Asker: 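The structure under discussion is supplied below as structure tokens; questions concerning it will follow.
On a predicted model such as this, the values are computed, not experimentally measured, just so you know.
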Amino acid sequence: MKGLLTLKSLSIDQIKQIINLAIDFKNGLKVDFTGKKMVTLFYENSTRTQYSFQMAMLNLGITPLSFNLAGSSVYKGETLYDTVRTFESLGVDGVVIRHTQDVYYKELDPIQIPIFNGGDGTSDHPTQTLLDLMTIYEEFGRYEGIKVALVGDIAHSRVAHGNAEVMKRLGMEIFVSGPEQYNDHTCPYIDLDDAVKTCDVINLLRVQFERHKEDMNITKEEYLQKYGMTTERVSRMKKNSIIMHPAPVNRGIEIESDVVECERSRIYKQMTNGVFVRMAAITMALRGELRY
Ligand code: NCD
């Protein structure tokens, strides 16, 4: 298969190559794929990922097509495979897919055009991980030894799962923090008050209400005070440390509203970097340099 499905099957060198190309794009590199067309197939809601992929396509001269799920044959029972195979037959050069099912791309093995994973269930979100890594690299100039706290709803977060795997391989020290009911025990636990004193990156995660089977058992105000990033916690952060969040943010729950655009926050920079990492992934895949 071609494209970018998960970073788990890429080597550290390949991952760094994508990020280096993204940095080249940010510094003005131009690549032209005029005449190519790609489609974004989003079976789950998205603002940043979907439109950032479309911006990346436009910057590369690729024509983006949007898929209107509600008006599509998915509601006549068409399978994911048949939908993707249809776009391939229409002459599309690549597809970006976000789907509720973990590892949905397994059933797409016969597809020849590149597939880009825009998020699968609670499993993985490779371009989010790349943009997070690019943001960290721009800040610190290295990965080795950088301490990251993944904070919040770890269990339901594909961002947490994807980031933890690659960040560990890059020699970063990963901790998790947040309510016990959302801790999946894949990394050592750190109390948020210790994390703000000792970690270089506070990587906040959205409380994923839409994936919860039960209520949180805690009010939003209590969540913010116990597990959220407040201005008071910001004032106790380690020197030169930063706050990241994949967004959308729940203001007043995992992050106090004033923290969203505070001096330590890189949330909007992450979004900007997202366009460049997607340009890099598309370029490498269309050149046949990313395959599984
Ligand atoms: C994330 C996602 O959809 O996984 N958002 C994003 O792509 N920027 C995180 C989230 O929805 O909480």
Asker: For residues Ile97 and Phe42, determine if any side-chain heavy atom of one lies less than 4.5 Å from a side-chain heavy atom of the other.
Answerer: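 Not in contact.
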Asker: Looking at Glu254 and Arg206, is any side-chain nitrogen of the basic one under 4.0 Å from a carboxylate oxygen of the acidic one?
Answerer: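 Answer for the salt bridge query: no.
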Asker: Suppose the criterion is ring pair (Phe, Tyr, Trp, His ring centres under 6.0 Å): which pairs have a residue in residues 110-139, not counting sequence neighbours?
Answerer: Tyr137-Tyr143
Asker: Taking the side chain from Glu256 and the backbone from Arg251, do they hold a donor-acceptor pair closer than 3.5 Å?
Answerer: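 Between the backbone of Arg251 and the side chain of Glu256 there is no qualifying donor-acceptor contact (under 3.5 Å).
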Asker: For the residue pair Gln181 and His212, confirm or rule out a side-chain donor-acceptor distance under 3.5 Å.
Answerer: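 The criterion, which ignores hydrogens and geometry beyond distance, is not satisfied for His212 and Gln181.
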Asker: Between Lys269 and Glu138, is there a salt bridge with N-O shorter than 4.0 Å?
Answerer: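 Salt bridge present between Glu138 and Lys269.
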Asker: Which residues pass the ring pair (Phe, Tyr, Trp, His ring centres under 6.0 Å) test with Tyr227, sequence neighbours left out?
Answerer: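 With sequence neighbours excluded, Tyr227 shows a ring pair (Phe, Tyr, Trp, His ring centres under 6.0 Å) to Tyr223, given in chain and number order.
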Asker: Would you tell me whether Ser52 and Arg278 have side-chain atoms, one donor and one acceptor, within less than 3.5 Å of each other?
Answerer: yes
Asker: Taking only residues two or more places apart in sequence, or in another chain, which ones meet Asp93 in a side chain to side chain contact (heavy atoms under 4.5 Å, CB included)?
Answerer: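 Side chain to side chain contact (heavy atoms under 4.5 Å, CB included) list for Asp93, sorted by chain: Lys36, Lys37.
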Asker: Can you name the residues that form a salt bridge (Lys or Arg N to Asp or Glu O under 4.0 Å) with Lys16, not counting sequence neighbours?
Answerer: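 Expected list: none.
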Asker: Would you check if there is a donor-acceptor pair between the side chains of Gln50 and Thr40 at a distance under 3.5 Å?
Answerer: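 Present: a donor and an acceptor within the cut-off.
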Asker: Do you see a donor-acceptor pair shorter than 3.5 Å between the side chains of Thr6 and Asp124?
Answerer: yes
Asker: Restricting to side chain to side chain contact (heavy atoms under 4.5 Å, CB included), what partner residues turn up for Glu144, sequence neighbours left out?
Answerer: none
Asker: If you measure only the distance, is there a donor-acceptor pair under 3.5 Å linking the side chains of Asn117 and Asp120?
Answerer: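 Indeed, the side chains of Asn117 and Asp120 share at least one donor-acceptor pair under 3.5 Å.
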Asker: According to ring pair (Phe, Tyr, Trp, His ring centres under 6.0 Å), who are the partners of Phe33, at least two apart in sequence or on a separate chain?
Answerer: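 Per chain and number, Phe33 pairs via ring pair (Phe, Tyr, Trp, His ring centres under 6.0 Å) with no residue.
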Asker: Report the residues that fulfil side chain to side chain contact (heavy atoms under 4.5 Å, CB included) with Ser241, sequence neighbours left out, ordered by chain and then residue number.
Answerer: Met237, Lys238, Arg264
Asker: Measure up the Phe67 and Phe87 rings against each other and bin them: parallel (under 30°), tilted (30 to 60°), perpendicular (over 60°).
Answerer: perpendicular
Asker: Please list all pairs passing the side chain to side chain donor-acceptor pair (under 3.5 Å) test where one or both residues lie in residues 59-77, with sequence neighbours left out.
Answerer: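 Sorted result for residues 59-77: Gln54-Ser66.
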Asker: Hey, can you pull the donor-acceptor pairs under 3.5 Å for the side chains in residues 163-175, sequence neighbours left out?
Answerer:
from	atom 1	to	atom 2	distance (Å)
Asn163	OD1	Thr129	OG1	2.7
Asn163	ND2	Asp132	OD2	2.9
Asn163	ND2	Asn203	OD1	3.1
Glu165	OE1	Arg169	NH2	3.4
Glu165	OE2	Arg169	NE	2.9
Lys168	NZ	Thr186	O	3.3
Arg169	NH1	Leu10	O	2.8
Arg169	NH2	Leu7	O	2.8
Arg169	NH2	Leu10	O	3.3

Asker: Taking side chain to side chain donor-acceptor pair (under 3.5 Å) as the definition, give me every residue that meets it alongside Arg158, ordered by chain and number, with sequence neighbours left out.
Answerer: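 Scan of Arg158 (side chain to side chain donor-acceptor pair (under 3.5 Å), adjacent residues dropped) gives Glu44.
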Asker: Sequence neighbours left out, what passes ring pair (Phe, Tyr, Trp, His ring centres under 6.0 Å) with Phe140? Give chain and number order.
Answerer: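 With neighbours one apart ignored, the set is empty.
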Asker: Any non-hydrogen side-chain atom of Ile267 less than 4.5 Å from a side-chain atom of Glu261?
Answerer: no
Asker: Walk me through whether Asp32 and Thr34 qualify under side-chain hydrogen bond (donor to acceptor under 3.5 Å, both in side chains).
Answerer: CA-CA 6 Å; Asp32 188 9; Thr34 300; 2.4 Å; yes
Asker: Report yes if some heavy atom in the side chain of Met244 is under 4.5 Å from a heavy atom in the side chain of Ile242; otherwise report no.
Answerer: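 Side-chain contact under 4.5 Å: yes.
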Asker: Taking ring pair (Phe, Tyr, Trp, His ring centres under 6.0 Å) as the definition, give me every residue that meets it alongside Tyr105, ordered by chain and number, with sequence neighbours left out.
Answerer: none
